[in-house]
Amino acid sequence: MAEFVRYRTPLSGGRAVTAPATCAQRHIWNLMQRQLPDAAFYDVCYWVPLPGHGTAQDLLDVFAELLRRHESLRTGFHRDTDGSLVQQVMDHAEFETEIWTLTRDEDADSVLHAWQSRMRHTPFEPARAPLIRFMVIVADGAPVLAAYCVSHLVVDLTSLRLLADEVTRLLDARVAGRPLPPAVPARQLVEQAQVEHSPRGRALLKRARAYWCRQLASAPATLFPPRNGAGGGLAAPVRYSAAMESRAVALAVPLLARRWRVSTSVVLLTVVAQLLGRRAGTPTCTLRLLAANRSDPELHGTIGNLHSEVAVTIGQEGESVEDVARRAFAECTAAYANGLYDPDEVADLIASAHGPGVPVDLSYCFNDVRLEHTLPPEAEDRAAVSGAALRAAMADTVVAPDEFEEGETFFLVIDDELPGRIRLVLNADHRALTPSEVHGFLYDVESSLVEYAEGTGQQAMEERGAAAGGLGRSLP
């Protein structure tokens, strides 16, 4: 059985500074408070394969360099005397790394999975930086995989990807004896807080507040009204996740994006919004999109949490689905432009959107985590995909339970990690969608995309909306 040695590595250098928390940090803090006592709910594990050269000590040195470069990785959080959230950057820290050595009969995946499971139940103390832990798997004397568990308070998805790339570059340079590549010039989050409190930042927050008011004015009160049976009798949330891996979706989406003149992400969002809106019987559907908030060039290389969730209300009216998609494209553009907002102010707006004490339910998220949402170069060739080819591809579709966890009523994630396929992962509260209905919703997304690609989607969507519950196939 693989064994590990735990190292605690001290480091010093850089500045020590205290500043107000940024809007994104406060947003995640508020979400974390809702999940208590599960303090580890918003901790994230990420891993990067290594080329199998160098030593474990090389990785320890790389991790120390990451903490020196990126202040967010040695930042803790606490409430100030006036109750406001504060970020505190430490000029010294001690980080933890587990070095696992594989035996001949073990594989890296099983060791990684066991470590991730343990990290899921090992929460950080927000005030005690660094809010990151590392692990390394060694095989035949060389590291073959590095992973880190980190609080969402200090990183977002883009940061995780940037860190993975930086780990590889730093390790390669160290092993080759080259000078370490310099850090990408980027704004630290202490300076981001200053920007948000500047006249320009206050103007952006004011504009975002007006945007939220407009969205909430037309948002339906809920997309999942209370119901009897089929999960409706549950007093507390019980969540279930399923994942669909679909070659048909990967074929249909670029075809429709070219036809409707929108991004591939908007194609998927349009269909999801239509299915939810028709199921709820509402003329609009409001979802929360996850905004990266990195349009400023100084933030492109920032390691830190900049992400926010911004509402977008999509009208279902229109002579054709292309009308709906083009409107959704415009709405998404406006949503991403208003991703910087005061989370406490917006929470108050949501709580009284339809009158004092009458909140709007916005517990519905759409998160397309693919790196590329524009049309790929081969999209021109895919424009000629036949209906028969699409239907044949549907036969390869796999839908199965998944371990993905979220705290929302409805949370859909889209990725393309499998070549030639698009993967949709849906996590839902049983009181909104039962496990069978989760599977059915995923199948309906695929069927709708194929039908639109074939030219029969408008009628099929109307028939689907008229059906009881508006959901397609269920679990066998």
Side-chain angles (χ1 to χ4, degrees), residues 5-22 24-25 43-44 46 48 50 54-78 80 85-99 124-136 143 146-156 158-195 294 297-306:
V5 177
R6 181 180 288 115
Y7 292 83
R8 299 189 184 278
T9 306
L11 63 96
S12 59
R15 64 175 174 173
V17 59
T18 300
T22 65
Q25 289 168 339
D43 296 344
V44 186
Y46 202 82
V48 53
L50 300 173
T55 66
Q57 183 60 52
D58 289 328
L59 265 298
L60 292 175
D61 293 340
V62 165
F63 299 154
E65 178 65 19
L66 292 177
L67 267 71
R68 277 190 288 267
R69 291 182 173 195
H70 306 297
E71 291 184 352
S72 65
L73 299 184
R74 44 190 172 86
T75 297
F77 298 85
H78 64 269
D80 207 349
L85 187 64
V86 169
Q87 55 171 316
Q88 184 171 9
V89 181
M90 307 297 187
D91 60 353
H92 62 278
E94 182 182 77
F95 65 90
E96 175 185 302
T97 308
E98 293 181 7
I99 308 293
F124 293 100
E125 296 181 31
R128 295 185 61 183
L131 305 184
I132 186 169
R133 306 184 191 98
F134 299 94
M135 72 94 74
V136 177
Y148 34 91
C149 177
V150 57
S151 171
H152 206 343
L153 276 167
V154 298
V155 297
D156 52 21
T158 301
S159 298
L160 292 171
R161 289 168 169 165
L162 291 172
L163 283 173
D165 179 65
E166 196 165 10
V167 165
T168 302
R169 290 188 294 109
L170 290 173
L171 178 63
D172 287 346
R174 182 170 178 81
V175 172
R178 301 191 306 267
L180 297 181
V184 175
R187 184 185 300 159
Q188 303 284 354
L189 293 192
V190 168
E191 282 67 44
Q192 175 64 17
Q194 293 173 354
V195 169
R294 291 175 180 263
E298 293 184 19
L299 295 173
H300 289 177
T302 295
I303 301 296
N305 174 38
L306 296 166

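Residue indices begin at 1 and follow the sequence shown.
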Can any side-chain N or O of Gln87 pair as donor or acceptor with the backbone N or O of Pro20 at less than 3.5 Å? yes
Please report the shortest heavy-atom distance between Gly54 and Val175, naming the atom on each side. CA-CG2, 3.5 Å
Using a 3.5 Å distance criterion without hydrogens, assess whether the side chain of Asp156 forms a donor-acceptor pair with backbone atoms of Leu306. yes
Using atom types as modelled and distance alone, determine if a side-chain donor or acceptor of Arg294 lies under 3.5 Å from a backbone N or O of Leu299. yes
Would you give the length of the straight line joining atom CZ of Phe77 to atom CG of Leu153, rounded to the nearest 0.5 angstrom? 5.0 Å
Taking the side chain as every heavy atom from C-beta outward, state whether Asp172 and Arg178 have any pair of such atoms under 4.5 Å apart. yes
With rounding to the nearest 0.5 Å, note down the distance linking CD in Gln188 to OG1 in Thr302. 7.0 Å
Verdict with reasoning, Leu59 to Phe134, per side-chain contact (heavy atoms from CB on, under 4.5 Å): CA-CA 10 Å; Leu59 265 298; Phe134 299 94; over 6 Å; no
For the student: nearest non-hydrogen atoms of Ala173 and Pro179, plus distance: CB-O, 3.8 Å
Salt-bridge contact Arg15-Glu191 (side-chain N to carboxylate O under 4.0 Å): yes
Is any side-chain heavy atom of Leu162 closer than 4.5 Å to one of Val155? no
With a sphere of 6.0 Å drawn around CZ of Arg169, does it hold more than 12 non-hydrogen atoms of other residues, nucleotides or ligands? yes
Minimum-distance pair of heavy atoms, taken over all atoms of Phe124 and Ser151: CE1-N, 3.8 Å
Given side-chain contact (heavy atoms from CB on, under 4.5 Å), test Val150 with Tyr46 step by step and report yes or no. CA-CA 8 Å; Val150 57; Tyr46 202 82; over 6 Å; no
Nearest 0.5 Å, what's the OG1-NE2 distance between Thr158 and His300? 10.5 Å
With side-chain contact (heavy atoms from CB on, under 4.5 Å) as the criterion, how do Leu189 and Val89 come out once you've worked through the C-alpha distance, each side chain's angles and the decisive distance to 0.1 Å? CA-CA 10 Å; Leu189 293 192; Val89 181; over 6 Å; no
Would you tell me whether Thr55 and Asp58 have side-chain atoms, one donor and one acceptor, within less than 3.5 Å of each other? yes
Show the nearest heavy-atom pair for residues Leu73 and Pro130, with the distance to one decimal. O-CB, 2.9 Å
For the residue pair Ile132 and Leu66, establish whether any side-chain heavy-atom pair is separated by less than 4.5 Å. no
Is it true that Glu65 and Arg174 have a side-chain N and a carboxylate O under 4.0 angstrom from each other? no
Any idea which heavy atoms bring Ala21 and Gln25 closest together, and the distance? CA-OE1, 3.3 Å
Pair Arg74-Phe95, side-chain contact (heavy atoms from CB on, under 4.5 Å): steps then yes or no: CA-CA 9 Å; Arg74 44 190 172 86; Phe95 65 90; over 6 Å; no
Starting at CG of Leu171, measure out to CG of Leu180 and round the result to the nearest 0.5 Å. 10.5 Å
NE2 (His92) with more than 12 external heavy atoms under 6.0 Å: no
Heavy-atom check, side chain of Leu170 versus side chain of Pro181, under 4.5 Å: yes
What distance do Leu85 atom CG and Thr22 atom OG1 have between them, rounded to the nearest 0.5 Å? 8.5 Å
Pairwise distance CD(Glu298) to CD(Gln192) - rounded to 0.5 angstrom: 9.5 Å
When every non-hydrogen atom of Val167 is compared with those of Val48, the smallest separation belongs to CG1-CG1, 4.3 Å
